[in-house]
Amino acid sequence: MATPRRGEGGAGETPNMGLGRRGVEREPEREGSQGDNMSSPGVTPEVDMKDVELNEVETEKQPMNASPSPPLAGSPASLGEKNGVVKVKVTEDEEEEQQQQRGGELGAKFTGLSKEELLQVAGTPAWVRTRWALLILFWLGWLGMLAGAIAIIVQAPRCKDLPKQDWWQKGGIYRIEALEKFQDSDGDGRGDLAGLKQRMDYLSSLKVKGVVIGPIHVNSKDNLNLTNLKEIDSTFGTLDQFREVLQAAKKKSLKVVLDLTPNYQSESPWFQPGSPSREDLPIKMKEAIEFWLKEGVSGIQIRSVEDIVNQTQLLDEWKNLTSDYSSDDHARVLITATGRRDVHNIISLLDKSSADLLTSPYLELAQGDGGNASARTVRDMIHRYIQAFGDKWPSWSVGRPGAGQTAAVGEHLLRLYHMLIYTLLGTPFTDYGDEIGLWDLPAKPADSTVIRMRWDDTANFGFSKEAQDLGEKTDSNVTVKSQTDDNASVLRLFQQLSELRGKERALLHGEFLDANATSAHAVAYLRVWDQNKRFLVVLNFAPMDSPVSFAPSPHLPPEAMLELSTDPQREKQQQPLSLQGLQLRPWEGLLLSFPYVA
């Protein structure tokens with residue numbers, strides 16, 4: 001009886017059932033521990049090998065079983081074979097090769113064209129035409145984008161060139177002409193240069209561009225021989241203290257203008273007409289102007305210019321001096337001032353003077369009797385003044401409310417005038433105290449128009465260290481201290497207006513346009529500059545609520561944002577206000593803004 005071959009079900013072996021033509025059966029994965037596998041007959045321990053199913057094992061490739069020596073433990077042969085199952089360790093490369101062979105029925109793996117094949121294909125007529133088409137499309141697209149960009153640039157509205165402006169055209173100027181009333185530093189009851197230096201931080205907080213001080217030179221009434229235009233009156237301080245003021249102002253980016261009106265302590269600031277001493281005046285004035293310009297002042301102010309208007313050669317000579325001492329980074333200004341209020345007289349003075357600025361109390365006429373200003377009067381005066389100045393740079397100033405006005409009316413009007421002069425075309429001038437609503441004292445003589453500055457609620461309102469009877473109540477809220485942190489104060493409104501005036505292009509050099517308000521109680525105008533934000537100013541001069549509408553205009557939108565109100569009770573709104581039926585409160589002014597739309 002022939003001995004059965006391995007795999008054919010000999011004695012002691014489990015028949016290899018269900019294998020068919022396959023001679024190798026994949027061993028099932030081991031479950032459980034090695035000890036469990038050892039206790040189960042016919043199960044081979046799991047090792048780190050890949051089981052491979054051999055489809056058809058050729059006879060000559062079958063493992064030989066006649067080895068006389070047992071295999072080493074742990075070797076592949078030690079695992080043996082059982083029931084026709086063979087364990088073979090296969091590397092990852094071999095496995096990948098086998099997978100590729102099994103996938104041969106799906107086609108060979110695509111490896112791309114070789115260089116030679118690509119060159120052959122690239123040279124065909126079809127590809128040549130395709131490349132030329134793509135190249136032409138690329139350049140056409142690029143040229144189209146270039147042409148579009150050029151068209152946008154050409155058709156877009158061009159920005160206007162900014163006009164050249166000097167420092168006195170870029171913001172307000174603060175006047176301290178009565179220095180003896182501003183701040184006393186040594187307790188003698190008279191303001192001085194050292195006191196002015198102490199208040200330099202405050203002046204900087206006002207956001208103005210310059211300060212006019214004086215006159216402060218030695219002056220003997222009506223005696224030119226005892227008047228020294230180059231020497232400081234000792235009651236004000238010394239030349240060194242003046243230099244310290246200049247340095248302190250420079251650190252705060254403030255310009256200092258010195259008033260050199262020669263006979264300022266007399267009723268005739270230029271000495272008596274026909275006086276022999278006046279013949280020497282031109283020489284002394286020229287020497288003094290040169291002296292102070294060399295010291296570093298940023299300009300000279302001359303008051304009562306109407307007294308010397310016929311001596312135009314003097315004004316021309318003084319203007320030449322300020323021009324000669326000017327530089328690109330330090331322009332010097334010549335300011336002339338007159339007490340005349342009539343527009344024709346003012347323009348006549350302007351035509352005969354070569355000064356940079358001419359100031360006047362022109363707008364005081366608009367206040368009327370008792371401060372009851374008429375909107376129509378104010379509107380007509382503004383238009384007439386701007387038209388008369390033409391291409392020349394105007395200036396605006398308003399005196400503080402008079403003694404005949406109540407405090408409430410005075411403050412309301414002062415707020416309106418602050419908004420007016422800081423939003424008009426030109427340079428606004430403010431006298432010290434106007435920024436806090438300092439008004440004249442009732443039943444006081446004319447000297448009360450130069451009332452002492454009020455700083456705080458201490459004795460003498462902080463003006464002087466020594467106790468003095470100033471004849472004023474000390475519980476007033478018209479002080480710098482009480483208004484500094486109060487957003488509803490006159491001072492806060494002034495600071496906001498001054499800051500906007502110095503940074504907004506429309507307010508700096510924009511056109512002045514009438515807004516055509518339909519209300520008889522309102523003054524309304526536009527400030528417009530090129531493509532920048534526009535401003536609409538609406539001022540109600542009536543002591544009652546006034547609705548304001550506007551005639552149709554291409555310059556006005558249907559609504560605008562509120563920037564500032566002179567009425568502290570009006571809340572700041574995040575939503576725009578409709579310009580039709582705009583409601584203004586008594587003596588209220590609104591500063592509104594809206595964007596440029598092409």
Side-chain angles (χ1 to χ4, degrees), residues 166-168 173-180 182-183 185-186 190-201 203-204 208-220 224 226-265 269 280-303 305 314-337 354-357 359 429 432:
D166 291 306
W167 63 264
W168 63 85
I173 295 180
Y174 190 79
R175 294 188 295 206
I176 314 175
E177 295 174 341
L179 184 61
E180 68 274 13
F182 191 66
Q183 177 65 67
S185 67
D186 55 11
R190 185 179 176 87
D192 46 41
L193 290 170
L196 175 61
K197 180 185 175 183
Q198 292 174 4
R199 298 299 182 179
M200 201 59 66
D201 286 340
L203 296 178
S204 177
V208 294
K209 298 301 180 182
V211 181
V212 178
I213 62 173
I216 57 175
H217 58 263
V218 173
N219 172 227
S220 179
L224 182 60
L226 297 180
T227 297
N228 190 339
L229 299 172
K230 296 187 290 185
E231 183 180 353
I232 295 176
D233 189 325
S234 59
T235 60
F236 294 117
T238 65
L239 179 60
D240 286 338
Q241 288 177 324
F242 181 79
R243 290 167 176 165
E244 291 176 1
V245 168
L246 292 180
Q247 291 300 317
K250 184 177 181 180
K251 292 179 180 179
K252 299 296 182 180
S253 299
L254 287 170
K255 308 295 184 182
V256 175
V257 177
L258 182 63
D259 192 304
L260 268 186
T261 306
N263 196 26
Y264 65 93
Q265 297 195 52
D280 299 331
L281 184 60
I283 297 176
K284 292 188 175 183
M285 281 292 295
K286 179 181 178 181
E287 292 176 351
I289 290 174
E290 285 189 296
F291 175 81
W292 293 112
L293 289 174
K294 289 179 181 178
E295 285 293 335
V297 298
S298 297
I300 300 294
Q301 175 174 280
I302 305 294
R303 285 189 281 177
V305 68
L314 290 180
L315 294 173
D316 292 341
E317 185 177 6
W318 299 339
K319 169 58 183 172
N320 290 335
L321 285 175
T322 56
S323 297
D324 292 342
Y325 280 88
S326 294
S327 59
D328 292 337
D329 60 344
H330 193 183
R332 316 295 180 97
V333 63
L334 177 62
I335 302 175
T336 55
S354 56
D356 299 294
L357 290 171
T359 66
F429 280 78
Y432 80 90

Quick one: salt bridge (Lys or Arg N to Asp or Glu O under 4.0 Å) partners of [X], sequence neighbours excluded?
| X | value |
| --- | --- |
| E317 | K286 |
| D280 | none |
| K230 | none |

Does K252 have any side-chain contact (heavy atoms from CB on, under 4.5 Å) partners at least two apart in sequence or in another chain, and if so, which?
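Partners of K252 by the side-chain contact (heavy atoms from CB on, under 4.5 Å) criterion, ordered by chain and then number, come out as M200, D201, S204, L254.
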
Can you sort out the partners of K284 under side-chain contact (heavy atoms from CB on, under 4.5 Å), two or more places apart, ordered by chain and number?
L224, N225, L229

Got a second to check how far [X]'s [atom1] is from [Y]'s [atom2], nearest 0.5 Å?
| X | Y | atom1 | atom2 | answer |
| --- | --- | --- | --- | --- |
| L315 | S354 | CG | OG | 6.0 Å |
| I173 | W167 | CD1 | CH2 | 4.5 Å |
| D233 | E180 | CG | CD | 9.5 Å |
| L193 | I216 | CG | CD1 | 4.5 Å |
| T359 | R175 | OG1 | CZ | 5.0 Å |
| S234 | D192 | OG | CG | 11.0 Å |

Taking the side chain as everything from C-beta on, heavy atoms only, tell me whether [X] gets closer than 4.5 Å to [Y].
| X | Y | value |
| --- | --- | --- |
| I232 | Q241 | no |
| V212 | I176 | no |
| F182 | I213 | no |
| V297 | L293 | yes |
| F236 | H217 | no |
| L196 | L203 | yes |

Among residues at least two apart in sequence or on other chains, which ones pass ring pair (Phe, Tyr, Trp, His ring centres under 6.0 Å) with W292?
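So W292 forms a ring pair (Phe, Tyr, Trp, His ring centres under 6.0 Å) with F242.
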
How far apart are the closest heavy atoms of [X] and [Y], and which atoms are they?
| X | Y | answer |
| --- | --- | --- |
| Q198 | S185 | NE2-CB, 3.5 Å |
| P269 | P262 | O-CG, 3.4 Å |
| I302 | M285 | CD1-CE, 3.6 Å |

Worked check of side chain to side chain contact (heavy atoms under 4.5 Å, CB included) between V257 and W168
CA-CA 10 Å; V257 177; W168 63 85; over 6 Å; no

With no hydrogens and no angle check, is any side-chain donor or acceptor of T336 less than 3.5 Å from a backbone partner on L357?
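Judged by distance alone, yes, a pair lies under 3.5 Å.
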
Side-chain donor-acceptor distances from residues 324-331 under 3.5 Å, at least two apart:
| residue | atom | partner | partner atom | Å |
| --- | --- | --- | --- | --- |
| S326 | OG | T322 | O | 2.6 |
| S326 | OG | R332 | N | 2.9 |
| S327 | OG | D329 | OD1 | 2.7 |
| S327 | OG | H330 | N | 3.3 |
| H330 | NE2 | S298 | OG | 2.8 |

With sequence neighbours excluded, what pairs up with [X] under the side chain to side chain donor-acceptor pair (under 3.5 Å) test?
| X | answer |
| --- | --- |
| N219 | T227, N263 |
| E231 | N228 |
| K319 | D356 |

Cut-off 3.5 Å, no hydrogens considered: what does the side-chain donor-acceptor table look like for residues 243-250, sequence neighbours left out?
| residue | atom | partner | partner atom | Å |
| --- | --- | --- | --- | --- |
| R243 | NE | E295 | OE1 | 2.9 |
| R243 | NH1 | D240 | OD1 | 3.3 |
| R243 | NH2 | E295 | OE2 | 3.0 |

According to salt bridge (charged side-chain N to carboxylate O under 4.0 Å, His left out), does anything in residues 253-265 pair up with another residue at least two apart or in another chain? List the pairs.
D259-R303

